[in-house]
Amino acid sequence: MPKKNTVATLLAMKGQEKITQLTCYDYTTARLIDSAGINTILVGDSLGMTMQGYEDTLPVTMEEMILYGRSVCRGCKDAFVIMDMPFMSYQVSVEQAVANAGRLIKECCANAVKLEGGSQVCRQIEAITACGIPVCAHIGMTPQSVNAFGGFKVQGKGEDNARRVLEDALAVEKAGAFMVVLECIPPKLAALITKKTKMITIGIGGGAGCDGQVLVYQDMLAMGDFKPKFVKHFAQIGQQMKDAFQAYSQQVKDGSFPEEIHTYAKSDCSDAFLAQLDAEY
Ligand code: KIV
């Protein structure tokens, strides 16, 4: 019997059962993901790429996050919904971070917010959690820093960088985060962080040692051309959609769709009346 996932139920799963997470940006997909029993949904700012066609997540605004997030939340019964805070919605000041986190919760009915960064965003995490808003942190390869990284590159390589990523994890935990996304870091480092923290670790390119996994749903369904090393295709939905669109096009053009069963023929007036209408007009 599925039940609503909460911070408490998710934390109780650490070390007992793996936690599942998928991104989602719309109502229809949210209903499908929720009914499949996925524990948590992330309304990621990756929507800038998957839904809006940008090269990265940087252009996404608060208004756009709210628009997509509302639709997702309306489609969820049991999944715990986490909303990404978009670029520059939390970096400028702690006050602005709190106000924007509050908007995502109030205006979308989301359950938690996610923001990127380690020790540099701890003051924001402390202030947001002090308002009773659960926070998921995000460290390692943080896509909003793509320009600083010089591309979407693996982080935590080498001893100094590995230490820095571990220290970031411990810092966001101390600040109050209950969950942390570990993106594109080596698997033994991710497993060590998972061992060293009481937070739930969610890996994306972090290996199987994390408490849970997240994927962008269009990536795992092979709906786009993008396939990083950490993505597995669980179905070829992109090809199936393309085949269906082509079949539809062909059948409309050759007249084999719609058939009589797709019409309201029973509601038609008599041929005599239609002939009269034909003559009148
Ligand atoms: O925006 C997003 O979808 C994310 C995940 C890739 C973790 O941050």
Side-chain angles (χ1 to χ4, degrees), residues 2 20-61 63-79 81-84 86 108-110 143 152 204 213-281:
T20 48
Q21 183 172 107
L22 284 172
T23 67
C24 184
Y25 322 97
D26 70 274
Y27 171 78
T28 305
T29 312
R31 288 191 50 174
L32 292 170
I33 293 176
D34 186 76
S35 61
I38 296 293
N39 298 120
T40 74
I41 282 182
L42 172 65
V43 185
D45 60 355
S46 50
L47 65 83
M49 298 154 96
T50 57
M51 305 300 286
Q52 300 179 317
Y54 290 121
E55 296 248 303
D56 54 45
T57 59
L58 304 189
V60 177
T61 65
E63 305 313 318
E64 288 166 343
M65 287 305 301
I66 288 169
L67 182 73
Y68 288 96
R70 271 187 187 145
S71 317
V72 170
C73 290
R74 283 196 285 260
C76 287
K77 262 193 4 248
D78 299 321
V81 181
I82 303 168
M83 298 264 321
D84 248 338
C108 303
C109 302
F152 297 103
I204 175 160
Q213 298 293 323
V214 60
L215 282 177
V216 168
Y217 89 84
Q218 288 95 336
D219 290 348
M220 55 93 77
L221 297 181
M223 294 174 76
D225 304 326
F226 183 62
K227 189 179 178 308
K229 192 174 165 64
F230 56 77
V231 168
K232 176 174 174 179
H233 288 161
F234 286 80
Q236 295 294 329
I237 300 299
Q239 191 55 49
Q240 282 188 34
M241 286 174 77
K242 203 165 148 189
D243 291 346
F245 297 148
Q246 281 171 345
Y248 167 74
S249 171
Q250 193 189 325
Q251 290 183 27
V252 170
K253 284 178 190 295
D254 69 16
S256 56
F257 175 82
E259 296 163 56
E260 187 159 345
I261 51 160
H262 306 119
T263 69
Y264 301 99
K266 278 192 185 143
S267 306
D268 247 334
C269 298
S270 67
D271 287 347
F273 179 71
L274 291 172
Q276 187 188 318
L277 282 185
D278 190 18
E280 273 179 42
Y281 290 89

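- Shown here for R74 and Y27, the closest heavy-atom pair between the two residues is O-CE1, 3.5 Å.
- At a threshold of 4.5 Å between non-hydrogen side-chain atoms, the residues Y217 and M223 count as touching.
- The shortest side-chain heavy-atom distance between V60 and L47 falls under the 4.5 Å cut-off.
- Taking all atoms of both residues into account, the shortest heavy-atom contact from C73 to C108 is CB-O, 3.0 Å.
- Under a 3.5 Å cut-off, the side chain of T29 and the backbone N or O of D26 do not form any donor-acceptor pair.
- The two atoms that bring C24 and A30 nearest to each other are SG-N, 3.3 Å, heavy atoms only.
- Partners of F230 under the ring-ring contact (aromatic ring centres under 6.0 Å, His included) rule, at least two apart in sequence or in another chain, do not exist in this structure.
- Using modelled atom types, one side-chain atom of T20 and one backbone atom of N39 make a donor-acceptor pair closer than 3.5 Å.
- The distance from the CD atom of Q218 to the CD1 atom of I237 is 11.5 Å, given to the nearest 0.5 Å.
- Judged purely by atom type and a 3.5 angstrom limit, Q239 has no side-chain atom pairing as donor or acceptor with the backbone of Q236.
- In this structure the side chain of H233 reaches within 4.5 angstrom of the side chain of K227, judged on heavy atoms.
- S249 places no side-chain N or O within 3.5 Å of a backbone atom of F245 that could act as its donor or acceptor partner.
- D45 places no side-chain N or O within donor-acceptor distance of the main-chain N or O of P86, the cut-off being under 3.5 Å.
- In this structure, the separation between CD1 on I38 and CD on Q21 is 10.0 Å, given to the nearest 0.5 Å.
- The closest side-chain heavy-atom distance from V43 to V81 is below 4.5 Å.
- At distances below 3.5 Å, at least one donor-acceptor pair connects side-chain atoms of S71 with backbone N or O atoms of L67.
- Not a single donor-acceptor pair under 3.5 Å links the side chain of D219 to the backbone N or O of V231.
- More than 12 heavy atoms of other residues, nucleotides or ligands shown are found within 6.0 angstrom of CG on D254.
- Figure legend: K232 and F234 shown as a cation-pi pair, the cationic atom lying under 6.0 angstrom from the six-membered ring centre and within 45 degrees of its axis.
- Rounded to the nearest 0.5 angstrom, T23 OG1 and Y68 OH are separated by 12.5 Å.
- Other residues, nucleotides and ligands contribute only 12 or fewer heavy atoms inside 6.0 Å of the CD atom of E260.
- With rounding to the nearest 0.5 Å, the separation of NZ in K77 from CG in D34 is 6.0 Å.
- Between D84 and M65 the shortest side-chain heavy-atom distance falls below 4.5 Å.
- Checking Q250 against Q246 by side-chain atom types alone, no donor-acceptor pair falls below 3.5 Å.
- Within the 4.5 Å cutoff, the side chain of Q52 has heavy atoms near those of the E64 side chain.
- Between M83 and G69 the shortest heavy-atom distance is SD-CA, 3.6 Å.
- Closest approach of E259 and S256 over heavy atoms only: CG-O, 3.4 Å.
- More than 12 heavy-atom neighbours from other residues, nucleotides or ligands sit within 6.0 angstrom of CE on M51.
- Side-chain contact between P143 and D56 is absent, with no heavy-atom pair separated by less than 4.5 Å.
- In this structure, V214 and L22 have side chains that are not in contact, with every pair of non-hydrogen atoms separated by 4.5 Å or more.
- Within a 6.0 Å sphere centred on CZ of F152, heavy atoms belonging to other residues, nucleotides or ligands number more than 12.
- Annotation for Y25 and V72: closest pair C-CG2, 3.4 Å, computed over non-hydrogen atoms.
- Between the CD atom in Q240 and the CG atom in L221 there is a gap of 9.5 Å [rounded to 0.5 Å].
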